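Worksheet: one structure, shown below.
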Amino acid sequence: MRDIKTKRVVLFAILFIVINIAVYGIIEINKRQRVQIALDGHLDKLQTHYEILEYHQKITADATYRSTIDMKKVIDILSIRPSAPHFPI
């Protein structure tokens, strides 16, 4: 009688441990998937914002180039020989 009771207790203990390990594994997999989904969403937003910033920087650079290329004074300053003396800042 005592032997059967001991076996039941050991069996329930092992069953309890196995079930807990399975539940923990499922919870961890679910948590990793949720984190990955959130990271993918933020990565998409970051990529979109980068492309918008890059586009606006290109527009600004093109506008600056077009506005300065027509100014004779700017062309004269930029065409100074590189061997001109440099003054320390």
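For clarity, every value in this text was computed on a predicted model and none was experimentally measured.
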Nearest-0.5 Å distance that lies between atom [atom1] in [X] and atom [atom2] in [Y]:
X	Y	atom1	atom2	answer
Ile21	Ile26	CD1	CD1	12.5 Å
Asp44	Asp40	CG	CG	7.0 Å
Ile29	Tyr24	CD1	OH	11.0 Å
Thr48	Leu43	OG1	CG	9.5 Å
Thr64	Ile59	OG1	CD1	11.0 Å
Asp62	Lys58	CG	NZ	4.5 Å

Are [X] and [Y] close enough that some pair of their side-chain heavy atoms sits under 4.5 Å apart?
X	Y	value
Lys5	Arg8	no
His42	Leu46	no
Tyr50	Gln47	yes

Checking side-chain contact (heavy atoms from CB on, under 4.5 Å) against Arg32, which of Glu28, Gln36, Arg34 comes through?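 With Arg32 as partner, Glu28, Gln36, Arg34 yield a single side-chain contact (heavy atoms from CB on, under 4.5 Å), made by Glu28.
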
